[in-house]
2 protein chains.
Amino acid sequence: MAVQGTRRPTLAGVAERAGVSLKTASRVLNGEPNVAEATRERVREAATALGFRRNAVAADLARGGASRLLGFISGDIANPFYSALASGIERVARDNDLQLITTSCDEDPERERLLTEELLERRVGGLVVTPTTGDHARLAGELAAGTPVVFVDRPASGLEADTVVIDNRGGIRAAVRHLSYHGHRKIAFVGDNPEVWTFRERRAAFLDVMDELGNRDAQRWVRSGAHDAREARSLVAGLLDGPEPPTAVLAENNRVTAGALRALADVAGGERIALVGFDDFDLADLLGVTVVSYDAVEMGRRAAELATSRYDPATPPRTVTLETRLIPRGTGERRL
Amino acid sequence: MAVQGTRRPTLAGVAERAGVSLKTASRVLNGEPNVAEATRERVREAATALGFRRNAVAADLARGGASRLLGFISGDIANPFYSALASGIERVARDNDLQLITTSCDEDPERERLLTEELLERRVGGLVVTPTTGDHARLAGELAAGTPVVFVDRPASGLEADTVVIDNRGGIRAAVRHLSYHGHRKIAFVGDNPEVWTFRERRAAFLDVMDELGNRDAQRWVRSGAHDAREARSLVAGLLDGPEPPTAVLAENNRVTAGALRALADVAGGERIALVGFDDFDLADLLGVTVVSYDAVEMGRRAAELATSRYDPATPPRTVTLETRLIPRGTGERRL
DNA sequence: TTGTATGCGTTATCAA
DNA sequence: TTGATAACGCATACAA
């Protein structure tokens, strides 16, 4: 048992106690072959007696190259979406004997840059990033140096790199068609900030499908700027209170869905207004909300697989697109 | 720009290019004083020209002692409770210039042990653990060696160490009294497995308060074994379907609450049965569920503060108990 | 203000 | 089957 003040036992200490050289002790403790069984036993005993625990920091340095660490830069780890990503990444990390460093950049480009730098200083063997709107060209050198940098949920700007996204357009298409099939024409699209890539993708798809369905002026049904549930609530409230209230609301993400639900609960007859949300959420079944669902854990897993697979920087970047799935609950209208 | 195959630029390289010694380059790049401004400038230029990025692995090894890493062993990072903890820990880590390694042990003692070992090999400067039921006496030596190990949400067994918990008993007391105040006598307590410390605490409090209120036989209202929402649903369904259905259900955690909600939705008149849940959750307001709430992010923060504050292993372990808060929504009965 | 020398605890090379 | 010795890249007494 180590005691405070006392140094921790080292491999050299184990070797000395076992009466062998450093290299032999190393061989034994790393399970390498070509060591006599008797020697092996003596080293093991010495290690246990001293309470030896290998120093992974020293090992990483000696080995050279990357450390056995993987980096993940999320927007906010407390957000269920990001923690689902983290969960998928973690599993792949585990399978590859890597430890995962998680960080949150609060959607702040400058903070993302700082975190990237810190993780690269740690010589991570791979980096998974949910990119903010900033430019990522600065990472070109690192990519060329062989560090796999993978972007997830949205692509980086100014850089060609491996990317994992979902089929946003397909998801929106399914949602709008679902509502249309159930007779809705006045469909409002409520979302986050237009700076966000996913918002733009989803809005574009919304306009496309509405156009295909004969609604050439869908732009007037679009509302943006709802970054949290509270803002979404007032945005939807405004729609319902306006001159031409929609009969259906398409919420661009789960925060908007939550806000929309509250707005609908606030007005008389709100339960007769249909609601479809992008992103599934807990208890959506109870609230009878039809959603566009996808597997965020799988998304993390795929990203981590790209980030851990050794690759040739010369090969063109890969893009993985995951499918979405419409989960109809009722007829698009909520049944409370 | 580094190119693949090429080694990464080192401090020595920067020093050489700037025509100074290693130590001087180190001084400049670490912002230490006592360097001529001209020298400083030359070193900076050399660093930029070479695309130098310090190697944190080497720095940690050279500095000796612990690495600038913090470890967190959660049950499952995809679980909102654990990711809230992670969020709090992450903020403290950031403030202390530490990087956070997050792991999930899936509530498996053996896996927790393995993860602990791996993190200690990484020489983490602190370790936050949500302990499983296994014994933790093996960590005594590490504690004595000066690594702050902090347990959060429940105490470790077989080891005296810093711990952060919430006031489970107070929370249950408030919940039962709330229901009692609103006229309920037949209150069922539905929870997870009795192996889980928090369950035992909460059940004990439930029985105490029921006893105080004159219900001496509350044991028959206790149901356990609901580890997920599905199991909770059938457990509650069984209660409602039994010979003497309760008029109120106290759910021991948010998974049970979700299951109970579904069970109540399944039966006629279910909306007249009161429900109070331990743990607040998203959209609880919409569903009209009264809850016992507490701040999981704060819990993580407090744990991380204990794990980062240098302390004397000789001082007795500290226990931080965080308050809970009853959030009444309606009269304890749901208003849908 | 600047530099020299040594150590951190491993892994890896190459020889014995 | 084993071992001596040199990296790995930086920090830090101590000197100049």
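In what follows, every chain begins at residue 1, and chains take the letters A, B, ... in the order their sequences are listed. Computed from a predicted structure; not experimentally measured.
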Should B/R42 and B/E45 be marked as a salt bridge (Lys or Arg N to Asp or Glu O under 4.0 Å) after you check the CA-CA gap, both sets of side-chain angles, and the distance that decides it?
-> CA-CA 5 Å; B/R42 258 189 305 143; B/E45 274 168 15; over 6 Å; no
Could you please spell out the steps behind the salt bridge (Lys or Arg N to Asp or Glu O under 4.0 Å) verdict for B/R122 and B/D60?
-> CA-CA 10 Å; B/R122 190 61 67 183; B/D60 273 353; over 6 Å; no
Cut-off 3.5 Å, no hydrogens considered: what does the side-chain donor-acceptor table look like for residues 30-38 of chain B, sequence neighbours left out?
residue: B/N30; atom: ND2; partner: B/S26; partner atom: O; Å: 3.2
residue: B/N30; atom: ND2; partner: B/S26; partner atom: OG; Å: 3.4

Option among B/E142, B/E118, B/E121 that satisfies the salt bridge (charged side-chain N to carboxylate O under 4.0 Å, His left out) test with A/R53 |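 Between A/R53 and the candidates, salt bridge (charged side-chain N to carboxylate O under 4.0 Å, His left out) is satisfied uniquely by B/E142.
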Check the surroundings of atom CD in A/E41: do more than 12 heavy atoms from other residues, nucleotides or ligands lie under 6.0 Å from it?
->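 Yes - once you tally the heavy atoms of other residues, nucleotides and ligands closer than 6.0 Å, there are more than 12.
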B/L69 versus A/Q99: any side-chain heavy-atom pair under 4.5 Å?
->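 Sidechains of A/Q99 and B/L69: no contact.
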Report yes if some heavy atom in the side chain of A/W197 is under 4.5 Å from a heavy atom in the side chain of A/T133; otherwise report no.
->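 Contact flag for A/W197/A/T133 side chains = no.
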How many whole angstroms separate atom [atom1] of [X] from atom [atom2] of [N]?
{"X": "B/R53", "N": "D/dG9", "atom1": "CZ", "atom2": "P", "result": "15 Å"}
{"X": "A/R68", "N": "D/dC8", "atom1": "CZ", "atom2": "P", "result": "20 Å"}
{"X": "A/R122", "N": "D/dC10", "atom1": "CZ", "atom2": "C1'", "result": "13 Å"}

Identify whether the distance between the nearest side-chain nitrogen and carboxylate oxygen of A/E195 and A/R154 falls below 4.0 Å.
->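 Between A/R154 and A/E195 there is no salt bridge, as every charged N stays at least 4.0 Å from the carboxylate O atoms.
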Carboxylate-amine/guanidinium proximity below 4.0 Å for B/D295 and B/R302 =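 Judged by the 4.0 Å cut-off on N to carboxylate O distance, B/D295 and B/R302 do not form a salt bridge.
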Does A/D76 use its side chain to pair, donor to acceptor, with the backbone of A/D106 at less than 3.5 Å?
->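 Side chain of A/D76 to backbone of A/D106: no pair is present.
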Kindly calculate the angle separating the two end axes of the helix from C/dT1-D/dA16 to C/dA16-D/dT1, each obtained from five base pairs, and round it to 10 degrees.
->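 What I find for the helix from C/dT1-D/dA16 to C/dA16-D/dT1 is an axis angle of 30°.
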Contact class for B/L61 (heavy atom, under 4.0 Å): base, sugar-phosphate, or nothing?
->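 The answer is base, as B/L61 lies within the cut-off (heavy atoms under 4.0 Å) of a base atom.
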Determine, stepwise, if the pair B/E298 / B/R301 fulfils salt bridge (Lys or Arg N to Asp or Glu O under 4.0 Å).
-> CA-CA 5 Å; B/E298 173 69 10; B/R301 201 181 292 131; 2.3 Å; yes
Identify the 5'-most and 3'-most nucleotides of DNA chain C with at least one atom closer than 4.0 Å to a non-hydrogen atom of chain B.
->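 So the contact region on DNA chain C extends C/dT1 to C/dG9.
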For DNA chain D, the residues among residues 20-32 of chain B that have a non-hydrogen atom under 4.0 Å from it =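 Listed by number, they are B/L22, B/K23, B/S26, B/N30.
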Pull out every residue in residues 34-44 of chain B that has a heavy atom closer than 4.0 Å to any atom of DNA chain D, ordered by number, or say none.
->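 Those residues: none at all.
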Output all residues satisfying ring pair (Phe, Tyr, Trp, His ring centres under 6.0 Å) with A/Y82, sequence neighbours left out; order by chain, then residue number.
->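 If we apply the ring pair (Phe, Tyr, Trp, His ring centres under 6.0 Å) test to A/Y82, skipping adjacent residues, there are no hits.
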Among A/V92, A/V128, A/D97, side chain to side chain contact (heavy atoms under 4.5 Å, CB included) partner for A/T308 =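 That would be A/V92; it is the only one of A/V92, A/V128, A/D97 passing the side chain to side chain contact (heavy atoms under 4.5 Å, CB included) with A/T308.
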